[in-house]
Structures are given as C-alpha cells and as structure tokens.
Amino acid sequence: MGGGPTAMLSVLALLVASLAALSTTVQAQLVENFYRTSCPSAETVITSAVNSALNRRAASAAGVLRIHFHDCFVHGCDASVLIDSPSEKDAPPNGSLQGFEVIDAAKTAIEKRCPGIVSCADITAMASQIAVKKLSGGKITWKVPLGRRDGLVSSAADVAGKLPAPTANVATLKSIFAGVGLTTEEMVVLSGAHSVGVASCRAVQNRLTTPPDATLDPTYAQALQRQCPAGSPNNVNLDVTTPTRLDEVYFKNLQARKGLLTSDQVLHEDPETKPMVAKHTSQGVFNEAFKNAMRKMSDIGVLTGSAGEIRANCHRFNA
Ligand code: HEM
C-alpha cells in the first residue's frame with residue numbers, strides 16, 4: 001500500500017469507524033446507579049429484601065453465590081438459570097442449586113415498587129454481592145454495576161461442558177474458565193468460594209476409595225469416610241476449618257491437603273496453580289482478588305440496551 005493521501009484517508013476512516021464501534025460497546029456496558037431515574041429505590045429495596053431472606057435462612061447465602069456462578073457461565077449473567085423446567089435447571093450440575101427464594105423475595109419486593117424495571121439478572125448479581133458481604137463479615141464488598149437484561153433462552157443441553165465437574169483436573173478447569181474470559185489465577189481465586197457452603201457426599205465419593213485419594217490428609221479422609229459412607233445422601237462442609245466464613249482459610253486447607261473436592265485439591269498439586277494457592281493464603285490479598293474476580297464474573301456475556309427482556313417473574317419468560 002502506498003502512503004498517498006488516499007491511503008491516509010482510508011486509515012482515518014478506519015480509525016473513525018473503530019472509535020464509533022468502541023463508543024457503542026462502551027454505551028452497552030453496565031453502570032453503577034443504572035436505575036437512578038427509572039427506579040431510584042431499587043438498590044435499597046433489593047438489599048433489604050435479600051438481607052431479610054438471608055436472615056431467615058443463612059445457608060442460602062452460599063446457594064445464591066453458586067447460582068450466580070452457574071448463571072454467568074452458561075449464556076452469560078442473564079438469569080437463564082432461574083427459568084423453571086424444562087430449562088438449565090434440568091442439567092445435573094444445577095440439580096443441587098439452592099437459595100432461589102432469596103432472588104424471588106427481592107423480585108417480589110421490587111415489582112411492587114417499580115414493576116417491569118429491574119432485571120432478574122441484576123437482582124442475582126446484587127444478591128450474590130450481598131451474600132459475599134455477609135459471608136465475609138463485611139470484609140469483601142463492592143458496588144455492582146447494573147443494567148443487565150434477562151435472557152430468552154434456557155436449555156439443559158446448553159450446560160454441557162460449561163460447568164466444571166468436582167472431579168475436574170487443572171487443565172479442564174483452566175479451559176472452562178478461559179472459555180468465559182477468566183484467567184487461571186481468577187479461577188483459583190473464585191474457587192475460594194468453596195470456603196463456604198456444602199457439597200453432597202456424592203461429589204467426594206471418587207476420593208473415598210480404599211485406600212483413599214493420596215492427596216487427602218489421612219485424618220481428614222477418615223472423618224470424611226465416617227460422614228460419607230457409600231451411597232450416603234449426606235452433605236459435608238466444603239471448608240473443614242471455617243465453614244461459614246468466606247475467607248483465605250480455604251487456601252490454607254488446600255496446603256494441609258484438606259480440600260474437599262478433587263477440583264479444589266488439584267489447585268495445590270499442580271505446579272502452575274500451587275504458587276497461586278500460596279499467594280491467596282494472605283487475607284488482604286484474597287479479599288481484594290476475590291472482589292475483583294467477582295466483578296469480572298458478574299460481567300460475563302451480559303445483555304444490555306434493548307437485548308433480551310425484563311422478566312415479570314424470574315421463573316418464566318414473558319409471554
Ligand atoms: C472451580 C470449579 C468448580 C467446581 C468443580 C465446583 C463444583 C462444586 C460442587 C460439586 C459443589 C457441591 C454441589 C453438591 O454436591 O451439592 C459446589 C458447591 C458450591 N460452589 Fe462450586 N465449583 C466450582 C467453582 C465455583 C465458583 C467459581 C463459585 C462461586 C464464585 C462456586 C461456589 C460454590 C458454592 C458457594 C457452593 C456451596 C453451595 C451451597 O452450599 O449450596 N463454585 N461446587
């Protein structure tokens with residue numbers, strides 16, 4: 001290509017076109033105080049409804065955090081996981097999701113105040129932030145940018161390969177997280193969510209062989225074998241040390257070979273992720289990194305502008 005005025009002009013035209021495209025993308029981004037004019041009390045109403053629901057049932061806080069993760073990894077954070085069967089809810093990893101009543105309580109409250117304005121996707125993202133704040137004793141908190149819209153698709157088939165199995169190795173975990181734009185370190189940090197909540201014995205059965213998985217601390221393995229006899233319907237705490245506190249202790253447990261799931265413990269066994277586990281045993285480092293990774297996760301594949309819809313009921317698409 002020559003360097004004459006025509007070439008210069010086409011470069012300039014390209015630049016203008018890219019800037020225009022960029023500004024459209026920027027406009028489509030989420031913003032803080034999105035409902036400032038359309039529903040000024042939105043955040044207050046949702047915060048209060050979510051907190052009341054979490055006060056009624058503390059176990060739902062971990063549930064809500066997991067719902068948000070499962071929502072964002074399939075079709076982006078668009079509330080597709082909230083749709084009733086036939087839907088994503090029928091896919092095996094979603095069978096044990098719990099805490100939906102928290103989102104329902106917030107949606108009911110906001111529909112009374114501002115009908116048809118606030119999306120189920122935004123409510124889920126906010127509820128997840130409120131749950132994290134509560135679970136971390138107020139140490140991990142941020143302001144959630146808003147403006148998500150609700151998706152129009154929810155199918156069990158779409159979940160396949162998008163959500164990691166508890167038996168996953170690091171290569172699989174990395175590839176699933178990379179598929180939604182998250183780095184290996186963000187994958188390690190977000191696994192820190194397993195510092196709260198429970199898993200079914202089924203999810204750990206692969207490690208309770210005779211002899212047990214060699215990467216399990218022997219005393220911990222014995223305790224798990226007692227809690228989870230073959231075929232047991234029981235649940236076990238994901239974090240054996242501080243089960244109700246979202247904190248860096250999860251990473252210390254991994255160093256002590258007391259991670260519950262294979263997908264937890266492999267993070268300490270793999271040479272690439274092992275130093276990341278060590279780094280996040282620091283409370284300050286983990287709290288900051290978890291907040292940033294959550295912010296990023298809450299932005300995955302969001303629908304904005306006129307895409308999707310604002311559902312009247314989070315369980316169903318609008319007619
Ligand atoms: C890294 C890959 C991950 C795998 C393989 C995984 C897998 C699992 C499994 C199998 C359970 C227990 C389900 C059951 O048996 O009932 C669970 C629970 C949970 N997961 Fe994950 N998860 C991963 C990442 C995440 C992320 C990124 C988050 C959130 C940011 C998260 C949040 C939770 C929470 C809070 C629970 C407990 C839920 C409750 O008590 O109801 N997980 N996860």
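When a ligand or atom number is given, it counts from 1 through the structure's own listing order. Since the structure is predicted, the reported quantities are computational estimates derived from the model, not experimental observations.
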Can you name the nearest heavy-atom pair linking Cys201 to Gln227, along with the distance? SG-O, 3.7 Å
Does ligand 1 have any atom sitting under 4.0 Å from a heavy atom of Met187? no
Going by the order shown, which atoms of ligand 1 are within less than 4.0 Å of some heavy atom of Gln98? 39 (C), 40 (O), 41 (O)
At their closest point, which heavy atom of Leu65 faces which heavy atom of Val132, and how far apart are they? CD1-CG2, 3.9 Å
What are the protein N/O/S atoms, named by residue and atom, that sit under 2.8 Å from atom 21 (Fe) of ligand 1? His194 NE2
What protein heavy atom lies closest to atom 2 (C) of ligand 1? Include the residue and the distance to one decimal. Pro164 CG, 3.3 Å
Against heavy atoms of Ser200, which atoms of ligand 1 measure under 4.0 Å? 14 (C), 15 (O), 16 (O)
Check this for me, if you would: do Glu272 and Lys174 make a salt bridge, where the nitrogen-to-carboxylate-oxygen distance has to be below 4.0 angstrom? yes
So which heavy atom in the protein is nearest atom 35 (C) of ligand 1, and how far is it from that ligand atom? Ala62 O, 3.2 Å
Which residue and non-hydrogen atom of the protein lie closest to atom 16 (O) of ligand 1, and at what distance in Å? Ser96 OG, 3.1 Å
Run the numbers for me: atoms of ligand 1, each under 4.0 Å from some heavy atom of Leu173, listed by number. 1 (C), 2 (C)
Any ion pair linking Arg257 and Asp217 (charged N to carboxylate O, less than 4.0 Å)? no
Assess whether atom NZ of Lys296 is packed by more than 12 heavy atoms of other residues, nucleotides or ligands within 6.0 Å. yes
Mark yes when over 12 heavy atoms from residues, nucleotides or ligands other than Lys89 sit less than 6.0 Å from its NZ; otherwise mark no. yes
In terms of atom number and element, which parts of ligand 1 are under 4.0 angstrom from non-hydrogen atoms of Gly63? 41 (O)
Identify the two heavy atoms, one from Ser119 and one from Arg149, that lie closest to each other, and give their separation to 0.1 Å. CB-CA, 4.1 Å
Please tell me if the side chains of Val196 and Asp239 come closer than 4.5 Å, counting only heavy atoms from C-beta onward. no
Report yes or no: is the cationic atom of Lys279 (NZ for Lys, CZ for Arg) under 6.0 Å from the centre of the six-membered ring of Phe251, at an angle within 45° of the ring normal? no
Verify whether the ring centers belonging to Phe177 and Phe73 lie closer than 6.0 Å. yes
Considering only the protein, which heavy-atom contact is closest to atom 40 (O) of ligand 1, and what is its distance? Val198 N, 2.9 Å
With heavy atoms of Ala165 as the reference, note each atom of ligand 1 found under 4.0 Å away. 5 (C)
Atom of Leu261, atom of Ala203 and distance for their closest heavy-atom approach: CD2-O, 3.8 Å
Show the atoms of ligand 1 that are less than 4.0 angstrom away from any heavy atom in Ser263. 4 (C), 5 (C)
